Amino acid sequence: MKTIFIFILLISSLVASEYKSKVAGVAPVNNSLYIKECGACHFAYQPGLLPSNSWKKMMSNLESHFGADATLAQEDFVAISQYLEQNSAEKAYAYKRSYKIANSMRDDGTIIAISKTPYFIKEHKGIPKKYIEQESVKGLFNCIACHTTAQKGIYSERDILIPNYGRWDD
Amino acid sequence: MKNLLIPAIIASLSFGSVIENYLTDLKNEVIKEKPNFKSFDIKRGEEIFTSKHIGKKGKEISCSSCHGVDLTKSHENFFTAKVIEPLSPNTNKKRLTQKKEIDKWLKRNFNDVYNREGTPKEKGDVLSFIMSK
């Protein structure tokens with residue numbers, strides 16, 4: 001009986017660690033308008049990657065969105081702003097990355113680039129420039145280039161595959 | 001019911017497609033300024049599409065930087081590497097079917113490449129070029 005119990009415990013712990021890697025670090029995007037409008041030009045970043053003040057500030061200047069015109073029709077602007085607001089990092093504390101990003105912020109939302117948030121900077125610190133600046137990645141904004149499961153909101157280390165270089169292990 | 005349906009069908013057919021209406025509206029705008037304006041020009045549209053300019057981000061780009069030279073093929077956004085589906089409405093049936101989308105992208109992309117909005121004539125020329133591909 002005891003051995004069976006230990007066996008079950010062992011199996012369940014294995015299953016648990018397997019399961020853990022499948023849990024999203026941020027809530028996956030579930031808004032088709034957001035995917036259509038924002039995902040047309042770049043990876044559809046999960047709202048849980050920035051706090052609401054940052055999203056608000058970003059949305060207030062879509063005329064020059066990281067240098068590009070990303071203006072929206074009024075009704076789409078309202079709907080997307082609302083989606084970002086309701087799903088921002090501090091509203092999604094159950095998700096590990098959202099929690100860490102929100103808590104790493106040292107200002108009240110002047111940072112509008114996910115790649116400039118303290119948690120993000122810390123997590124990407126040791127990566128050689130040549131990995132990031134190569135043509136098939138282009139920059140830190142291109143999550144999906146290396147995080148193979150980014151679309152599911154999973155940014156775990158085991159799912160990283162850097163183009164032309166392979167797995168990342170730090 | 002039938003008596004209502006048939007005129008409705010005839011009316012919808014006679015209205016033409018979204019892009020035809022769009023071009024007619026643009027043409028009417030051009031005529032307001034230039035009463036002897038005849039038609040949009042594919043060649044001028046090609047020039048608008050392929051010529052390089054210092055864009056909004058301060059880099060030299062053209063429409064082709066993101067949409068490619070062959071509009072029947074997909075291409076990558078010059079800045080973000082995101083794949084953009086073919087622009088040619090002959091290849092990609094979704095293109096030029098919604099006024100809202102045409103409005104949005106013409107506004108944005110002229111601003112991004114030319115650092116200003118397009119004139120009705122420029123928009124008509126470039127749309128005619130895209131339609132010819």
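Keep in mind that what you see is a predicted model, and the values were worked out from it rather than measured. Every chain is numbered from 1 and lettered A, B, ... according to where its sequence line falls, protein lines coming before strand lines.
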Got a sec: does the [atom1] of [X] have more than 12 other heavy atoms crowding it under 6.0 Å?
| X | atom1 | value |
| --- | --- | --- |
| A:Glu90 | CD | yes |
| B:Lys107 | NZ | yes |
| B:Glu33 | CD | no |

Interchain contact, A:Ser64 with chain B, by part (heavy-atom threshold 4.5 Å):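 Contact with chain B involves both backbone and side-chain atoms of A:Ser64.
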Chain B contact via A:Glu63 - which portion, at a heavy-atom distance below 4.5 Å: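 Backbone only.
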Closest non-hydrogen atom pair between A:Asn142 and B:Ala81, with its separation: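 Between these two residues, the closest heavy atoms are ND2-CB, 4.1 Å.
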Option in A:Ala73, A:Ala40, A:Ala70 with maximal non-hydrogen atom pairs under 4.5 Å from chain B: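 Greatest number of close heavy-atom pairs with chain B: A:Ala70.
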Top contributor to chain B contacts, counting heavy-atom pairs under 4.5 Å, from A:Gly39, A:Ala68, A:Gly139: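 The answer is A:Ala68.
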Point-to-point distance, once rounded to the nearest 0.5 Å, from CG of A:Asp69 to NZ of B:Lys104: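 Spacing of CG (A:Asp69) from NZ (B:Lys104) equals 11.0 Å.
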Side-chain ion pair, B:Glu76 and A:Lys138, N-O less than 4.0 Å: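 A salt bridge is absent here (no side-chain N lies under 4.0 Å from a carboxylate O).
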B:Glu101 bridged to A:Lys36 by N-O distance under 4.0 Å: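 Yes, this pair counts.
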Segment of B:Phe79 engaging chain A (4.5 angstrom heavy-atom cut-off):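 Just the backbone, heavy atoms under 4.5 Å.
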Shared hydrophobic cluster for A:Ile111 and A:Tyr119 (ILVMFWY, side-chain gaps under 4.5 Å):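 No, A:Ile111 and A:Tyr119 fall in different hydrophobic clusters.
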Greatest number of heavy atom pairs closer than 4.5 Å to chain A - which of B:Lys57, B:Lys56, B:Lys82, B:Arg108: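 Greatest number of close heavy-atom pairs with chain A: B:Arg108.
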